[in-house]
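Just so we're on the same page: letters track the sequence lines, and every chain starts at 1. All heavy atoms count here, side chains included; hydrogens, waters and symmetry mates do not. Quick caveat: nothing in here was measured; it's all calculated off a predicted structure.
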Amino acid sequence: MSAYAKPLPKLDTLNRPFWELARDHKLAVQACADCGDRHFPPTPVCPGCLSKNQGWEVVSGRGTLLSWVTFHRAYWGGFAGDLPYDVCLVELDEGPVLVSNLVGAAEGGFQVGDRVEVIFERATDEITLPKFVLAR
Amino acid sequence: MADFRALKDKIAIVGVGNTRYGNFPETDDYGLGADAFRAALDDCGLAKDKIDGLLVCRIPYYARMGEILGISPRWTIPLPPHGRMSSMGIIEAMAALEAGLCDYAALIYANIGRSRRVNYGGDESPNVWDPWGYTSPGAAHAMMFRRHMALYGTTTRQLAEVSVAFRRHACLNPDAVMKQPFTIDDHENARPIVLPLRLLDYCLINDGAVCIIMTTKERARDLRKAPVQISGIGAREAFGNASLSNYEKDFWYPQLQEIAADAYGMAGVGPGDVDALMCYDNFSPTVLFSLEGLGFCPRGESGRFVEGGTLQVGGKLPTNTDGGHLSNSYMQGWALNVEAVRQLRGECGARQVPDCEVVQFVAATPCSRSIIYTRG
């Protein structure tokens, strides 16, 4: 099997829990223990109340398709073989908006407002990417 | 308490200059910036030792710029190389001039992205979403336009009207990079980059520089040309989605509405008084979002509004009469402010808007700004 050629996240103290949970097939967002604000990507203080008392909350993995685009240009060599590929924008039922990929849907087979749910695709031993499919 | 509206008609642009636009590997940002500075000084007839304020944007080191120009001002601001900086910088210079922090400010912008092969995506601009292949500002605008299509029924043929109008203007502008006219069908068949956006929806990437010289309206009277005064300004940030490569789910509508109220209220004019619009056009959809936000048309109706050549010289709302970023030059807003000045001076030749008295600049970005210029 060839080496994974696409960009990988750089893990740090802030984002490590997200990727560890994703490896266990759990989608999580950062949540403030003081005011309940949920957000992603993670922040060093809560954007709502500036508290540092934050944790991670596993979410339903369900959401709504806000928009999507189709890349016909590879900004990284690792994506050249995937062209054209779709990138979607999902508003989770819990609030935060994520960028991801829409998997297994035929061109023209989905539209803005469709319900989607998370799946997980292994990239490397360390990294598993949350992606989305149309909700059953 | 101070009120920014007290700045109405107090500060003027007195000198403007630009380099040629293109691919200039033989020089650099400083060399281009110096050329634009010389042109702007010549435009207003000011001696360089009068310049006591320096604002630079996309210039690596402000002090080196000052060293090259042989000036040591008493007010200096460097701004990062982001597209949204032009009107932010002009408004900052306004405030500095009014406060007396400087008497004559030179604002210099240079870009060498073409000769140095900048492409605004991938490893050049690392982002949290890279693992999913989401990168480049164009992708965020494609994401917004897809949503606009879904919510309001806007079409890519309507979007093409923007690009077609600006290319027509570029064909009338001797300085412009792109001179080949195209049709709506050409736009529809252009190379896809990040669909729904295609090549002709994207700004150019070219080298060049722009300089703007500003002073108070009293001092402006002694200079070579009639001053162009700043009559209205508006400013609002939207940082809540900064991590999404500047995707904004509401197309900056709430911010632009507030900016419109501030700028029009300060200037005492409305959209119907605007003779020409200079609209930050990093990607063609931004123009549609700006038209709705400022109230040139109702929300969601920008696609229909631009049909039939509305934005062309001779149309209802001549917009980006120099060709904009899409077809004139990628000077990240700075050249559009220069074009506003030239339109009000009546210097625009074949692309001149007749009886041009009110010109508005707008940038719909995470730092949205608008400036209303009038004849001084």
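Contacts of A:P47 with chain B are absent, with no heavy-atom separation under 4.5 Å from either backbone or side chain. For A:W76, the part lying near chain B is the side chain, with the backbone staying farther off; criterion is any non-hydrogen pair under 4.5 Å. Heavy atoms of B:Y247 lying under 4.5 Å from chain A belong exclusively to its side chain. Within the 4.5 angstrom heavy-atom criterion, atoms from both the backbone and the side chain of B:N119 approach chain A. Only the backbone of A:L8 comes within contact range of chain B, with heavy atoms under 4.5 Å apart. Interface remark: A:I127 contributes no atoms to any contact with chain B (heavy atom separation under 4.5 Å).
Atom OH of A:Y75 sits about 6.5 Å away from atom CD1 of B:I193, to the nearest 0.5 Å. Residue A:R73 holds its CZ atom at 8.0 Å from CZ of B:R191, rounded to the nearest 0.5 Å. The CG atom of B:D130 sits 7.5 Å away from atom NZ of A:K10, with the distance rounded to the nearest 0.5 Å.
With a 6.0 Å radius and a threshold of 12 heavy atoms from other residues, nucleotides or ligands, A:K6 has its NZ atom above the threshold. Annotation for B:R117: atom CZ counts as buried by contact number, over 12 foreign heavy atoms lying within 6.0 Å. By the 6.0 Å contact criterion, NZ on A:K26 is open, its count of non-hydrogen atoms from other residues, nucleotides or ligands being 12 or less. Applying the 6.0 Å contact sphere to NZ of A:K52 captures no more than 12 heavy atoms from other residues, nucleotides or ligands.
Panel note: side chain A:Y85, backbone B:G133; a donor-acceptor pair is recorded below 3.5 Å. Side chain of B:W132 to backbone of A:C88: no donor-acceptor contact under 3.5 angstrom is found.
By the 4.5 Å heavy-atom criterion applied to side chains, B:R146 and A:T70 are counted as neighbours. Between B:T135 and A:F71, some side-chain heavy-atom pair lies under the 4.5 Å cut-off. With a 4.5 Å cut-off on side-chain heavy atoms, B:R147 and A:L66 count as touching. Between B:M149 and A:V112 there is no side-chain heavy-atom pair separated by less than 4.5 Å.
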Evaluation steps, ring pair (Phe, Tyr, Trp, His ring centres under 6.0 Å), between A:F40 and B:W129
CA-CA 11 Å; A:F40 190 85; B:W129 311 113; 5.8 Å; yes
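Each of A:V69, A:V99, A:V87, A:N101 has some count of heavy-atom pairs under 4.5 Å with chain B, and the biggest count is that of A:V99.
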